[in-house]
There are 2 protein chains.
Amino acid sequence: MDNDEIIRRSQAACEALSADEDGLKRQVLTHAGNRWSLGIVHLLGVNGRLRHAEIGRRMEGVTQRMLTRTLRQLERDGLVLRHDFQEVPPKVEYQLSELGKQMLVHMIPLWTWVVENADGFRRSREQFDADQAL
Amino acid sequence: MDNDEIIRRSQAACEALSADEDGLKRQVLTHAGNRWSLGIVHLLGVNGRLRHAEIGRRMEGVTQRMLTRTLRQLERDGLVLRHDFQEVPPKVEYQLSELGKQMLVHMIPLWTWVVENADGFRRSREQFDADQAL
DNA sequence: CAGTATCCTTGCGGATACTG
DNA sequence: CAGTATCCGCAAGGATACTG
């Protein structure tokens, strides 16, 4: 993909994003930056179907509140399916929807690139902060 | 790319992201969800090098404060280069760094997918909100 | 077990006015 | 022209306690 091809493809995507009055598409993109969304999508991608508490145990540091909240957001955007078994004690399982699996696929290039370039970001920040301190 | 391949590739990326103690990599990913970062990266990708005011004019609705702030963040992460001509009146130009161009390339699949599936998200939300209202 | 409810801090995004 | 300074409302994220 050469430079012109990059430009051409970003043009269409960005015009559509700009025309997004209510911010829906951009809100979907925030899942990429949210504190727990990324990990949950990944976890469900790997494990298929998991219970609420099981996700909580595997996600280091997440609180019940944020876990529930994040799952609700993902469910609302149609990325995650929620199965309530209506039992006592409660049993609820979560899994990726087809949309969620697709999102996982399309986020991987970005994730991978960010991870590979982490050192570059870190160095740039240190340089920037050092310049600011003058 | 089959299901197993998806899993394998997301595994490595997500483990690296999870190990990110100070949240640097995740902070870089928030550029994807920030209100103006996306449009600025796109704009500079298309136009090459632009002055501050020129970006402001082309980005509908952005205030000076948010424009400056967003540019600073992008600069700090090494995605955008800032050229101060040290003139009176002031003249400052911005352009994508090599890192910035790479990010543009790697975000395009995600952007495109989100735009193409916007209807799916919208329908899912409407259904979800309707269920909640019961 | 799978959540709510309450309170708190932080940062995003914006409005407005001012400056070298 | 390219910013700063100061104000504000809102939502993200978290700590803690409680509930069916």
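These numbers were taken from a predicted model, which means no experiment stands behind them. Throughout, protein chains are lettered first and strands after them, A, B, ... in sequence-line order, and every chain is numbered starting at 1.
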### Query
Considering only heavy atoms from C-beta outward, does the side chain of B:Trp113 approach that of A:Gln102 to under 4.5 Å?
yes

### Task
Give one of base, sugar-phosphate or nothing for B:Asp84, where a contact means two heavy atoms less than 4.0 Å apart.
nothing

### Query
C:dG3 phosphate, OP1 or OP2: any side-chain N/O from A:Arg82 under 4.0 angstrom?
yes

### Query
Do the side chain of B:Arg65 and the base of C:dG14 come within less than 3.5 angstrom through a donor-acceptor pair of N or O atoms?
yes

### Task
Flag the pair B:Gln95 / B:Asn47 as yes when at least one side-chain heavy-atom distance between them is below 4.5 Å, and no otherwise.
no

### Message
Just checking A:Glu87: does its CD atom have more than 12 heavy atoms from other residues, nucleotides or ligands closer to it than 6.0 angstrom?
### Response
yes

### Query
According to a strict under-4.0 Å criterion, is B:Arg51 in side-chain N/O contact with OP1 or OP2 of D:dA2?
yes

### Query
In whole Å, what is the span from the NE2 atom of B:His52 to the C1' atom of D:dA2?
5 Å

### Query
Quick one: B:Glu93 CD to D:dG3 P, roughly how many Å, whole number?
12 Å

### Query
Starting at CZ of A:Arg35 and ending at C1' of D:dA12, how long is that distance when rounded to a whole Å?
12 Å

## Note on the structure
Per atom distances to the B:Met66 side chain, the nearest of D:dG3, C:dG14, D:dG14 is C:dG14

### Message
Regarding B:Gln73, tell me which of base, sugar-phosphate or nothing describes its non-hydrogen contacts under 4.0 Å with the strands shown.
### Response
sugar-phosphate

### Task
For A:Glu75 and C:dA2, give me the distance from atom CD to atom C1', rounded to whole Å.
13 Å

### Task
Send over the distance from A:Gln27 CD to D:dC10 C1', rounded to a whole Å.
13 Å

### Query
Testing A:Arg49, A:Arg51, A:His83 for side chain to side chain donor-acceptor pair (under 3.5 Å) with A:Glu93, which one passes?
A:Arg49

### 5' precedence on DNA chain C between A:Arg26 and A:Glu54 (nearest-nucleotide basis)
A:Glu54

### Distance-only donor-acceptor check, side chains A:Arg69 and A:Gln64, under 3.5 Å
no

### Query
Which whole-number value in Å describes the distance from A:Gln64 CD to C:dC1 C1'?
8 Å

### Task
Look at B:Tyr94 and D:dG3 and indicate whether a side-chain polar atom (N or O) is within less than 4.0 Å of OP1 or OP2.
yes

### Query
Are any side-chain N or O atoms of B:Asp84 and backbone N or O atoms of B:Gln86, one a donor and one an acceptor, separated by less than 3.5 Å?
yes

### Task
To the nearest Å, give me how far apart CD (B:Gln86) and C1' (D:dG3) are.
13 Å

### Task
Answer yes or no: is there a side-chain heavy-atom contact under 4.5 Å between B:Gln73 and B:Asn34?
yes

### Task
Would you jot down, in residue-number order, the residues of residues 40-50 of chain B having a non-hydrogen atom under 4.0 Å from DNA chain C?
none

#### Entry: Nucleotide D:dG13, atom P - distance to CG of A:Asn34 in whole Å
5 Å

### Message
How long is the straight-line distance from CG of A:Asp77 back to CZ of B:Phe128, given to the nearest 0.5 Å?
### Response
9.5 Å

#### Entry: Separation of A:His31 NE2 from B:Leu110 CG (nearest 0.5 Å)
11.0 Å

### Query
For B:Gly61 and B:Pro89, take the nucleotide of DNA chain C holding the closest heavy atom to each; which residue's nucleotide lies nearer the 5' end?
B:Gly61

### Message
Applying a 3.5 angstrom cut-off to the pairing atoms, does DNA chain C sit in any stems of at least three consecutive Watson-Crick or G-U pairs? List them by first number.
### Response
C:1-20 with D:1-20

### Query
Does B:Arg72 put a side-chain nitrogen or oxygen below 4.0 Å from OP1 or OP2 of D:dG3?
yes

### Query
Is there a side-chain polar atom (N or O) of A:Trp36 under 4.0 Å from OP1 or OP2 of D:dG14?
yes

### Query
Contact class for B:Phe85 vs. all strands (heavy atom < 4.0 Å): base, sugar-phosphate, or nothing?
nothing

### Message
Is there a side-chain contact between A:His42 and A:Val46 in this structure, where contact means two heavy atoms from C-beta onward sitting under 4.5 Å apart?
### Response
yes

